[in-house]
Every structure is written in structure tokens, then in C-alpha cells.
Amino acid sequence: MNTPRENGFFMPAEWAPHAGTWMIWPERTDNWRLGAKPAQNAFAEVASTISRFEPVTMMVSAKQFANARQKLPAAVRVVEVSTNDSWCRDTGASFLLNHEGKLAGTDWIFNAWGGLQRGLYFPWDLDDAVAAKMLEIERAPRYRAPLTTEGGAIHVDGEGTVLTTEACLLTTDRNPGMARADAEQRLQDYLGATKTIWLGEGVPGDETGGHIDNLACFIRPGTILLTWTDDSGEPLYQVCRDAAARLETARDAQGRGIKIEKIPMPTPMFFTEEEESGIDAGTTGMVRRAGERLAASYVNFYIANGAIIAPCFGVPTDEPAQRILQSNFPDREIIMLPAREILLGGGNIHCITQQQPQSAKT
């Protein structure tokens, strides 16, 4: 089977028109506290908000179907799909279009962010099957990529450029023995791209190993929003400066230089004793301990049709972050949603959503 690029498919930018958004309902109690009820309420608020702008599909296990259906507005479609956890960005299909508007999708190999070496749970077989099920529901061709990665490890500009981190793609726990050139070629072949921009490390403490969607993202062609701190005592200090130095010398697929916009790192937040006590003991690799620093980022937002759905945390940096988002997306409504409960599970709003681009049939 040819690659998506050989068949004329590419991944559109997130700001391109959507046919809808996909999400997965949270339920595992060794990750989400208090029986996952606070997380379910947070996911429901995200889904309900996005549904004001575009259709939303929530994938839900059989045992949670009735509960999810009751908690979600009627506008949100609920479908039964078995999963291991609820990170649709990482386990879901990376949807593609061709120039005739036909829909397809890339299905990455998923190993729970590190497999048996460093993965966060086992098994992960149900999560690895999510993308195929989404594409089956949409009757869209599926391309199984020969690369272990996640949707949160990539951002695209829709014009041939991929943004990623070395920390995720070039590791022995995902793609052992794979050279940078091979990883780059596979990324580009399965995203319909021609250029990869590599950043180094991700946000310190990010248990995904350093996803790009917690550090930086394209906000329009030629412009990247980068999480930033001027505090030299912060672990992020050197990470964001290294990222900026790489971006300052980078060129995108169209030969443009990269403009950098900065958004502040959120005020430091930590796992509380109360939050730790609400999590069931498990045998997985997930660690939730009081005093642990939370890898928060305002970059972890979702671009919906006509809106930006972004996290807020009830901390002083929320207001300047909202102003920066509004200045960079003047034609979209900026909606900041309380997202600490999502953050406690290891990600944020971008991590729990996956866009489906508008296709010829939709």
C-alpha cells in the first residue's frame, strides 16, 4: 500500500475547517481521582463547549455508556468504543485530506508513551485500536504508520511542515535503533509533509516524554506559539531558550522563517495530598504523589471552528495567557475552561481532543 503522501493525502492545520471533534470518556480510577467523576465533569464541559461550534463524538466504554449519555448534552454523539484511557489526541487517528476533499487517516503505533521500558500503563492494546475504529466509523481509508508515536507529539501547519521533539521520536522506548532521517521520512510520508522542524526537550515533568503540544504549536503558517519563562531558576528556562534558538534558524516547507510568539508558563502548581488520596492504587507506571509538580501549559489548547478552547487554572498567569491568545486569534472566541482535573491525569484540553477536518462528504 502506498503512503498517504504518495496518494496525495496531507494533514490539514488545526485551524482549517472541522467536520467535528473526537474525544474519549475518562474512567480509569488509578489515574483519575474520586472514581473519575471530577474528570468526567471536566471532559463533559469541554465537549459541551466545543459542541457550540462543531459536532462532537465521545467514545465511551459499554459500562460507562449510560452515565456519559446522561452527563453530555444531546448534541454530543456518544459511541461505544473500548479504550485503556482517554487521550484521544494520542490514540486517535490523525485525519488527512486529499485535494479533492476525500477523508483518510493515519494510525500510529501506540505503546502508552514508552512501552515496557517507560510506558504509563499495560496493556495498551485497546488504545492502539482506537484510530482504526474511528476510521471504520467514518468509512475512511486507514494508513497504519511504521512509527511509534502519538498525535500529541506532532503539530502541522497544513502547508507541508511538521513540528516535533527529539525527546519523543528519537528514543529507545518508542523507536529503538531508528535514525533521525528515517523517523523524519516516516513522519512526512504519513502526514503528507515535506519538512520537519525538530525541537529538543519538552516541558519538564511531562510524563509523555516531551510532547510538542505542551511546549509549542503552529498558530498560523510561519508562526509558532512557544511556552516561556524568564525565571532562570525554572527547569523550563533552558528548554524554551533551546527551542527558540532552533526556531530562529528554522525554515518551513515553504521556505519561510519562523516568527515566535510567547505565552507564559503557568504559575507553578503541585499535586495536593487530597488529590493523591482520591486515586485508587494500581499496578501501572503512573505516579501521582502529593508535592509533584504539574506539567501545565497554556499551549495545550484546542482550535475549534470559530473558537479557542484553552485551559485555565485559577492562577495569576491565566489573565495574560488569555490576552495573548486573543491577540493571536482575533477572529475567534477565546474560552478558558477550568482544567486542573484534566491536568491531574497527565495532559490537557489539546490532549483529550482530536479534530476531523471538513471533507467533501461532510
Side-chain angles (χ1 to χ4, degrees), residues 21-50 56-72 76 78 80-92 110 112-114 119-127 130 150-152 205-208 211 213-214 269-297 300 302 309 311-314 337-354:
T21 301
W22 292 75
M23 298 177 64
I24 302 171
W25 190 248
E27 63 174 282
R28 70 180 298 152
T29 58
D30 61 350
N31 188 37
W32 305 104
R33 71 189 190 103
L34 303 179
K37 297 308 178 188
Q40 289 172 3
N41 291 337
F43 276 54
E45 184 172 13
V46 171
S48 179
T49 302
I50 295 173
V56 176
T57 298
M58 185 71 73
M59 294 178 279
V60 182
S61 72
K63 66 181 180 180
Q64 280 287 319
F65 191 94
N67 177 46
R69 181 65 283 169
Q70 189 273 328
K71 288 188 174 180
L72 292 164
V76 174
V78 179
E80 186 179 319
V81 174
S82 302
T83 64
N84 299 110
D85 206 357
S86 47
W87 305 104
C88 195
R89 176 65 50 180
D90 290 350
T91 61
F110 178 77
W113 310 277
L120 300 184
Y121 50 73
F122 179 87
W124 54 75
D125 56 321
L126 298 177
D127 277 352
V130 167
E150 308 86 34
D206 182 347
E207 63 188 8
T208 68
H211 270 184
D213 73 350
N214 225 27
M269 291 172 281
F270 301 86
F271 222 94
T272 68
E273 291 185 5
E274 179 185 0
E275 288 163 346
E276 179 190 346
S277 69
I279 297 170
D280 290 353
T283 58
T284 73
M286 289 183 286
V287 177
R288 302 286 181 265
R289 296 288 183 266
E292 175 187 346
R293 177 79 174 264
L294 299 171
S297 171
N300 208 304
Y302 182 63
I309 315 300
C312 64
F313 307 103
L337 297 180
R340 185 179 175 94
E341 293 296 339
I342 306 172
L343 178 60
L344 293 177
N348 226 290
I349 290 174
H350 194 258
C351 302
I352 67 172
T353 52
Q354 180 64 264

### Message
Using side chain to side chain contact (heavy atoms under 4.5 Å, CB included), reason through Tyr121 and Arg28 one step at a time and then give a plain yes or no.
### Response
CA-CA 11 Å; Tyr121 50 73; Arg28 70 180 298 152; 3.5 Å; yes
Run the side-chain hydrogen bond (donor to acceptor under 3.5 Å, both in side chains) check on Ser61 and Glu27 step by step: do they pass? CA-CA 9 Å; Ser61 72; Glu27 63 174 282; 2.5 Å; yes
Open item on the list: Apply side-chain hydrogen bond (donor to acceptor under 3.5 Å, both in side chains) to residues Gln70 and Asn67 and explain how you reach the verdict.
Closed with: CA-CA 5 Å; Gln70 189 273 328; Asn67 177 46; over 6 Å; no
Exercise for review: Just do the side-chain hydrogen bond (donor to acceptor under 3.5 Å, both in side chains) check on Gln354 and Asp90 with the steps written out, would you?
Suggested key: CA-CA 8 Å; Gln354 180 64 264; Asp90 290 350; over 6 Å; no
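Between the side chain of Asn84 and the main chain of Phe122, no donor-acceptor pair closer than 3.5 Å is present. Without hydrogens or angle criteria, Thr83 side chain to Ser86 main chain gives no donor-acceptor distance under 3.5 Å. Distance alone, capped at 3.5 Å, is enough to place a donor-acceptor pair between the Asn300 side chain and the His350 backbone. Judged by distance alone, the side chain of Gln40 and the main-chain N or O of Pro26 form a donor-acceptor pair under 3.5 Å.
Side chains of Trp124 and Asp85: no donor on one and acceptor on the other come within 3.5 Å. Between the side chains of Thr91 and Asp127, no donor-acceptor pair is found at a separation under 3.5 Å.
Side-chain contact between Leu294 and Leu344 is present, with at least one heavy-atom pair separated by less than 4.5 Å. The closest side-chain heavy-atom distance from Leu337 to Val46 is below 4.5 Å. Using a 4.5 Å cut-off on side-chain heavy atoms (C-beta onward), Phe43 and Leu72 make no contact. Counting heavy atoms from C-beta on, the side chains of Ile24 and Val81 never come closer than 4.5 Å. By the 4.5 Å heavy-atom criterion applied to side chains, His211 and Trp113 are counted as neighbours. At a threshold of 4.5 Å between non-hydrogen side-chain atoms, the residues Leu343 and Met269 count as touching.
For the pair Arg289 and Phe271, the cation-pi test (distance below 6.0 Å, angle within 45°) is failed.
Remark: Trp25 pairs with no residue by the ring pair (Phe, Tyr, Trp, His ring centres under 6.0 Å) rule, at least two apart or across chains. Applying the side chain to side chain donor-acceptor pair (under 3.5 Å) criterion to Glu275, with sequence neighbours excluded, gives Thr272, Arg340.
Here the closest heavy-atom approach between residue Ala47 and residue Met58 is recorded as CB-CE, 3.8 Å. Between Arg89 and Gly152 the shortest heavy-atom distance is CG-N, 3.5 Å. Listed here is the closest heavy atom pair of Ala295 and Asn214: O-ND2, 3.0 Å. Scanning both residues, Glu292 and Val287, for their nearest heavy atoms gives OE1-O, 3.3 Å. Contact detail for Ile352 and Cys88: the closest heavy-atom pair is O-CB, 3.9 Å.
Applying the side chain to side chain donor-acceptor pair (under 3.5 Å) test to pairs two or more places apart or on separate chains, none has a residue in residues 41-50.
A distance of 10.5 Å separates CD of Glu150 from SG of Cys351, quoted to the nearest 0.5 Å.
Taking a cutoff of 4.0 Å between a charged side-chain nitrogen and a carboxylate oxygen, Arg288 and Glu207 qualify as a salt bridge. A salt bridge is absent between Glu276 and Arg33; no separation between the charged side-chain nitrogens and carboxylate oxygens falls under 4.0 Å.
The aromatic ring centroids of Trp87 and Phe110 lie 6.0 Å or more from each other.
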